[in-house]
Structure formats: structure tokens, C-alpha cells
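A, B, ... follow the sequence lines: proteins, then strands. Residue 1 opens every chain. It should be emphasised that the depicted structure is a prediction, and the values quoted were computed from it without experimental measurement.
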There are 2 protein chains.
Amino acid sequence: METEQIRRASEDADVMRADSLAREIFSGVANKWALLIINVLGTRTLRFTELRTEVEGISHKMLTQTLRGLERDGVVHRTVYATVPPRVDYRLTEAGEALRETVNGMCAWTRRYLDEIEAARRRFAGQDRGATRGQQST
Amino acid sequence: METEQIRRASEDADVMRADSLAREIFSGVANKWALLIINVLGTRTLRFTELRTEVEGISHKMLTQTLRGLERDGVVHRTVYATVPPRVDYRLTEAGEALRETVNGMCAWTRRYLDEIEAARRRFAGQDRGATRGQQST
DNA sequence: CCGCATCCGATACGATACTG
DNA sequence: CAGTATCGTATCGGATGCGG
């Protein structure tokens, strides 16, 4: 029986479990810089400085740091050319491209719901938020 | 012509632009707690305490805070019942469910590539990472 | 050009406690 | 049960400078 293997996997692969490997990995990519980097890379290969300009507002430090994390997890591939001055290329791995599909969806979502969200924010600004229905319970 | 409108929209709706509305919104949802909450909600309606147990490891404070942000952006809907003790239900809005589709993809990605990532990490641990090809440039 | 280290301010986060 | 507030810490993240 593969019961043991299944059980181990299901615990370890559940992002909702606080100390699972899945949660650890998920937390690593679920931040704005990582997702934006993955999104610009797409199917292209970009140099460090190109990434820096494309992902507006990211600092030198955060770009390096985030790229290290992604490289470590095998999401991006890093190629160093021993030239003067040095040249370093970054591209998505297969895993990275798979992840990019969903990230792309998130960006599309942002564009799609821009206006609705802006409206929701205005509504939220001046609001009551009191109780709507009263029932007795428990 | 709608040139003006188009240009305004394209600048404001681009997540890569540092000060765009799109980036602002994207940054708001692109963090682990928001994404995990959106993911557990799915099509269900959950109470505050239920969310607290389902999203393992989240603190009372972060749950409240993140839910406020999501409510503000019209991603989750909050229903307060004037009962004793109080009861508050949370469910995704239409925008929230749309976002959830992609978040679901991210969770699936984590499960799918768990082993590969674990392997990549081991490879990264003891590594050289020196130059691979030498060319003259610029 | 790219990476690493350091310093330092800002904010994310958890623990605790009080209210209705 | 749910929300708000406060406080202390840890991590994030930007600026700067040196080294290959």
C-alpha cells in the first residue's frame, strides 16, 4: 500500500499547513517582487540591468536578493559570462514558466478589476459596516 | 478618438509602473496571507474563527488586518450578525472568485513542483556558480 | 556590470490585553 | 466571538560603498 507515502505527501504538500514544505515554498514566491520578476521574464532572457529597468521601483538589493531565492528554488536560471564588464542573463526554467502562467493571470485580474476596486475603495472610505441581521445563536 | 483614454489607462493599469494604481493593488494582494485567505475561502462562507483554524499559523491580528484590506478592495464580503456572541461571515465577491482561480493555480504549482524545488535547493546548497562561457563584449 | 556587505529607518508580525 | 489597541521584535527594504 502507498498509504504511508500518500499521507506524508498530503501533509507536506498542503499550503494551509503551517510547517509544511509547501507553505515554505509558497511563502517564498508569494511576494510582490518575486511575482513581478517572474512576470517580466516571461519567455525572454533578460540581463540584471534590464530587469532593474523593467520592474520599476525595485532596488538593486531586492533584485539581487529575490533573484537568489528564485534561483535557489529552480524557478529562474542564471547564466554568468566571464566578460569585462561582466554579463549575467536570467531566464525562467520550466517550473518558472509554469508559475508564470498563473502570475500572468494575477496581473490580468488587476487590470480587469481596476475600476471596480477603485470604486470599492471609495465605498469603503465613508461607511457604516454595522450589523445587518440579528439572530440568536449558540 | 479614445487615444487619451487609452494612454491614461495603459499607464495606470500596468503593474510594472512603480506608481500605477495597478501596482498598488497588485502589491496589496501579492502577499502570502492574502493569497492563502483567498484560497481557503473558495466558494465557501467562513467565520472569523474558522478562517483562523484553516489558515494554519496566521495570528489573530494578521487575519483581521488582511481581511480589512481585502474587504476594502472588494475582494471579500463581510457580513455581521448582531447576535450574542457576535458572528461574522466572510465570502469572496465575484472579483474575489476570479482572483481565486489564479491563486488556486499557484497552490497547484507548489504541489506539482515540490520535489523538483526540493532537489533544486539541494543542488544550490553546495555549488560553484562560476562563469560558464567567456566572450568579449561592449 | 554585477554581487556582497553594512548601516539604518520603516513596516510586518506576534503576543497580550481590553471592549462590546 | 470578533475587533481594536499597544508594544516589542524581526524582517523588509533602501542607500551607500567596496571588490571582482
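Between A:F124 and B:R68, the shortest heavy-atom distance links the atoms CZ-O, 4.3 Å.
Listed by chain and residue number, nothing satisfies the salt bridge (charged side-chain N to carboxylate O under 4.0 Å, His left out) test with A:R91 (two or more places apart in sequence, or in another chain). Every residue meeting the side-chain contact (heavy atoms from CB on, under 4.5 Å) condition with B:A34, not counting sequence neighbours, appears here in chain and number order: B:N31, B:T66, B:L70. Applying the side chain to side chain donor-acceptor pair (under 3.5 Å) test to B:E94 and every residue at least two apart in sequence or in another chain returns A:Y113. Among residues two or more places apart in sequence or in another chain, the salt bridge (charged side-chain N to carboxylate O under 4.0 Å, His left out) test is passed with B:E97 by none. Shown here are the ring-ring contact (aromatic ring centres under 6.0 Å, His included) partners of B:W33, two or more places apart in sequence or in another chain: there are none.
Listed nucleotides: D:dG3, D:dG14, C:dG14. Nearest to the side chain of B:W33: C:dG14. Closest to the side chain of B:R47, from the set D:dC1, D:dG14, C:dG14, is D:dC1.
Residue A:K32 contributes atom NZ, which lies 11 Å from atom C1' of C:dT11 at whole-angstrom precision. The CZ atom of B:R78 sits 12 Å away from the C1' atom of D:dC1 (whole-angstrom rounding). Atom pair A:I58:CD1 and D:dG14:P shows a separation of 8 Å (rounding to whole Å applied).
Among residues at least two apart or in separate chains, salt bridge (charged side-chain N to carboxylate O under 4.0 Å, His left out) pairs with a member in residues 17-34 of chain A are A:R17-B:E56, A:E24-B:R121. Each salt bridge (charged side-chain N to carboxylate O under 4.0 Å, His left out) pair with one or both residues in residues 100-112 of chain B, not counting sequence neighbours, appears once here: B:R112-B:E116.
Of the residues in residues 17-26 of chain B, not one comes within less than 4.0 Å of DNA chain D through any heavy atom.
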Under a 4.0 Å heavy-atom criterion, the protein footprint on nucleotides 15-20 of chain C, written with B, S and -, is B----B

